[in-house]
Amino acid sequence: PSKPTTTLYVLGDPLGLGAVTPAYGTYEYEQDAVVPVSAPATVMAAGVLYQCTGYAVREHGGAVIEEHPGVLSGSWTVDARSVDIVWNWQIVGYEVTCPDQVLRFDDVIGEVRFSESLSGHVVAAGTTLTLTATAASSDEPFVRWYGSDVPAGHETDAALELVVNRPFT
């Protein structure tokens, strides 16, 4: 006779990220089956770098059975309870794609540069970067920044400090 089965749900918090094993979804396993579980250490999704901070086993939709902080692989022995394997993710960085640029606007040429070369780099969440505008000549001085990322009261500052709290392009 076959053994009774139990449902295993694989979830992600706050999102289902990366190629986890078993993949995100719902599965039926025979009781006493040993299910290997694993997740990658980091995942880049939509310009956001997430780090896996481990996993938890919970009664389906309920209380925590086991916590595994910092653990990226392990196993679960299926018993009579339906359980959730929940992979935990936290944001650790953002992609910044802002090469140095020479800009032309109404025949005025100037340069815009970050404090460091950042094109295609991942920057730690919360890092402060300085974006500096330099006019081509003293006859054509820098006037102002435009856009939703410009901090209020700093529109006319040639050097602008931006806190990296999302991907920047």
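In terms of heavy-atom proximity, Arg81 sits nearest to Asp79 at NH2-OD2, 2.6 Å. Scanning all heavy atoms of the two residues, the minimum distance from Pro40 to Gly18 falls at CG-CA, 4.2 Å. The heavy-atom pair separating Ala39 from Val20 by the smallest distance is CB-CG1, 3.7 Å. Taking both residues in full, the closest heavy atoms of Pro22 and Val37 are given as CD-CG1, 3.9 Å, listed atom of the first, atom of the second, then distance.
Cluster annotation: Ile65 and Val71 are assigned to the same hydrophobic cluster (Ile/Leu/Val/Met/Phe/Trp/Tyr, side-chain heavy-atom contacts under 4.5 Å, transitive). Under the 4.5 Å side-chain heavy-atom criterion for ILVMFWY residues, a single connected hydrophobic cluster contains both Tyr29 and Val57.
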Exercise. What's the verdict on side-chain contact (heavy atoms from CB on, under 4.5 Å) for Val164 and Leu129, showing C-alpha distance, side-chain angles and the deciding distance?
Worked result: CA-CA 7 Å; Val164 179; Leu129 299 175; 3.6 Å; yes

For this session: Give the intermediate values and the outcome of side-chain hydrogen bond (donor to acceptor under 3.5 Å, both in side chains) for residues Glu28 and Thr7.
Result: CA-CA 5 Å; Glu28 290 291 323; Thr7 306; 2.4 Å; yes

Exercise. Please walk me through it: do His60 and Val83 pass side-chain contact (heavy atoms from CB on, under 4.5 Å)?
Worked result: CA-CA 4 Å; His60 180 57; Val83 299; 6.0 Å; no

For this session: Test side-chain contact (heavy atoms from CB on, under 4.5 Å) on Val96 and Val122 and set out the steps.
Result: CA-CA 6 Å; Val96 176; Val122 174; over 6 Å; no

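Atom CZ of Arg58 sits about 5.0 Å away from atom CG of Asp84, to the nearest 0.5 Å. Between Gln31 atom CD and Thr77 atom OG1 the span is 12.0 Å, to the nearest 0.5 Å. Rounding to the nearest 0.5 angstrom, the gap separating the OG1 atom in Thr6 from the CH2 atom in Trp76 is 10.0 Å. Atom OH of Tyr9 sits about 13.0 Å away from atom CD1 of Ile85, to the nearest 0.5 Å.
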Let me check something: any side-chain donor-acceptor pairs from residues 41-54 under 3.5 Å, sequence neighbours excluded? List them with distances.
residue: Thr53; atom: OG1; partner: Asn88; partner atom: O; Å: 3.3

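Every residue meeting the side chain to side chain contact (heavy atoms under 4.5 Å, CB included) condition with Ala159, not counting sequence neighbours, appears here in chain and number order: Thr130, Thr132. Contacts of Tyr24 classified as side-chain hydrogen bond (donor to acceptor under 3.5 Å, both in side chains), with partners at least two apart in sequence or in another chain: Trp89.
Between Tyr55 and Trp87, the ring planes are tilted. Angles from 30° to 60° get that label.
Put simply, the side chain of Val35 reaches to within 4.5 Å of the side chain of Leu8, judged on heavy atoms. Side-chain contact between Glu30 and Val78 is absent, with no heavy atoms from C-beta onward closer than 4.5 Å. By the 4.5 Å heavy-atom criterion applied to side chains, His154 and Thr156 are not counted as neighbours.
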